[in-house]
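Note sheet for the following structure.
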Amino acid sequence: MKYKIGFIGAGNMAKAIIKGLLSASIVKEDEILASASSQNSIDQTKASLKIQTTLDNTQVARECEYVILAIKPYMVETILQEISDYLSPDQVVISIAAGITLDQLAEWTDHKVRLYRAMPNTPAHVNAGMTSLCTKISSEDPSYSYVISLFEAIGKCEVIKESLIHAAIAIHGSSPAYVYMMLEAMGDAGVLLGLPRDQAYKMAAQSLYGAALMSLETGLHPGVLKDQVTSPGGTTIEAVASLEKSGFRSDLIEAMVSCASKSIQMSTKK
Ligand SMILES: NC(=O)c1ccc[n+]([C@@H]2O[C@H](COP(=O)([O-])OP(=O)(O)OC[C@H]3O[C@@H](n4cnc5c(N)ncnc54)[C@H](OP(=O)(O)O)[C@@H]3O)[C@@H](O)[C@H]2O)c1
């Protein structure tokens, strides 16, 4: 194959993944080909990322070992019908389209390629993404660890059963929104307490980032980390008690269960 990785669609998510792959040196610029629907878009992508581009989706199917579908979910069926005849069994197709299942992908590619379904999230733009990966391919297959490494270039990647995708949507697909709500509220509280707004947001964001990093790097139970900040009769336990009284934890659990339920409802409507 002429190229290692091809993207069909060169929008926000494709660009975030390409930047991550290049900065992690997983592939070189001349090993990536990307297609989009407009000349303007491919010109801009070529100029900014120095990769090869095309308006012809079938070129991506003919010339790339790994084909990443980075188009809107409603376009996946049509585009796979357009390129399917050009795919061969030695290729791998990875879809990042929300809500498109492995069975649908298999049907639309005539069951002839190795398939992966990935769900990244928006922090992928700053190489701090979380991707859930689903596949029916064995972990012995050479593509398995390679596909994981592609998503590890933009953050962390976990392989899950496809039936757990709704839980993954709640815990990392949609959760940046709840965290931004918390960030905004913490900033407002800082302002209420007299801090300039820009400093309040910076302090709040760095604390969220630092707390997340502590959890990832120490591997300690969140309750242990919380207890380390909470001295007897101190300030933190006042805030903790107030949050418990207003149902902070149960609100979050309920919100995430609603999120997963909506995802299930949307997938069964199709
Ligand atoms: N954004 C996220 O945070 C996020 C997170 C998880 C999953 N996803 C999934 O990622 C996928 C892409 O999302 P996005 O935000 O990157 O979308 P986007 O920025 O709108 O990009 C879509 C790309 O598809 C191209 N395109 C449209 N029609 C095409 C065609 N017929 N042939 C080839 N390319 C075509 C567009 O071309 P032009 O550039 O010429 O318009 C554009 O480059 C979606 O399925 C979404 O569910 C996104």
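One-based numbering, in listed order, for ligands and for the atoms of each.
- Between the side chains of Tyr66 and Ser143, no donor-acceptor pair is found at a separation under 3.5 Å.
- In the vicinity of Ser41, heavy-atom distances shorter than 4.0 Å reach the ligand 1 atoms 38 (P), 39 (O), 40 (O).
- Residue-to-ligand polar distances place Gly11 within reach of ligand 1: an N/O pair is separated by less than 3.5 Å.
- Around atom 35 (C) of ligand 1, the closest heavy atom drawn from Pro120, Ser37, Ser38, Ala16 belongs to Ser37.
- Ligand 1 has at least one atom lying under 4.0 Å from a heavy atom of Met75.
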Item to check | Chi angles and distances behind the side chain to side chain contact (heavy atoms under 4.5 Å, CB included) call for Phe151, Ile96 | outcome: CA-CA 11 Å; Phe151 291 101; Ile96 63 164; 4.1 Å; yes

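- Look at Asp103 and Lys136 and you find a salt bridge, because one of the NZ, NE, NH1 or NH2 atoms lies within 4.0 Å of a carboxylate O, short of that distance.
- When Thr54, Asn12, Leu69 are checked for heavy-atom proximity to atom 19 (O) of ligand 1, Asn12 turns out nearest.
- Taking the centre and axis of the six-membered ring of Tyr146, the NZ or CZ atom of Lys4 falls inside the cone set by 45° and 6.0 Å.
- When each atom of ligand 1 is checked for a heavy atom of Gly9 under 4.0 Å away, the hits are 23 (C), 24 (O), 25 (C), 34 (N), 43 (O).
- Side-chain contact annotation: Glu158 with Ser132, donor-acceptor N/O pair under 3.5 Å absent.
- Taking a cutoff of 4.0 Å between a charged side-chain nitrogen and a carboxylate oxygen, Asp90 and Arg114 do not qualify as a salt bridge.
- Counting only non-hydrogen atoms, the option in Ala98, Gly173, Gly129 that gets closest to atom 47 (O) of ligand 1 is Ala98.
- Heavy atoms of Ala36 found under 4.0 angstrom from ligand 1 belong to the backbone as well as the side chain.
- Met13 and Tyr116 fall within the same hydrophobic cluster, where Ile, Leu, Val, Met, Phe, Trp and Tyr residues are linked whenever their side-chain heavy atoms come under 4.5 Å apart, directly or through other members.
- Here the heavy atom of the protein found nearest to atom 20 (O) of ligand 1 is Lys72 CE, 3.3 Å.
- Asp56 has a carboxylate O that lies under 4.0 Å from a charged side-chain N of Arg62, or vice versa, which qualifies the two as a salt bridge.
- Here the heavy atom of the protein found nearest to atom 32 (N) of ligand 1 is Asn57 ND2, 3.0 Å.
- Per-residue contacts place Ile79 under 4.0 angstrom from the following atoms of ligand 1 (heavy atoms of the residue considered): 30 (C), 31 (N), 32 (N).
- Every atom of ligand 1 is numbered from 1 in the order shown, and the set under 4.0 Å from a heavy atom of Pro73 is 44 (C), 45 (O), 47 (O).
- At a 3.5 angstrom cut-off on N or O pairs, Ala10 counts as close to ligand 1.
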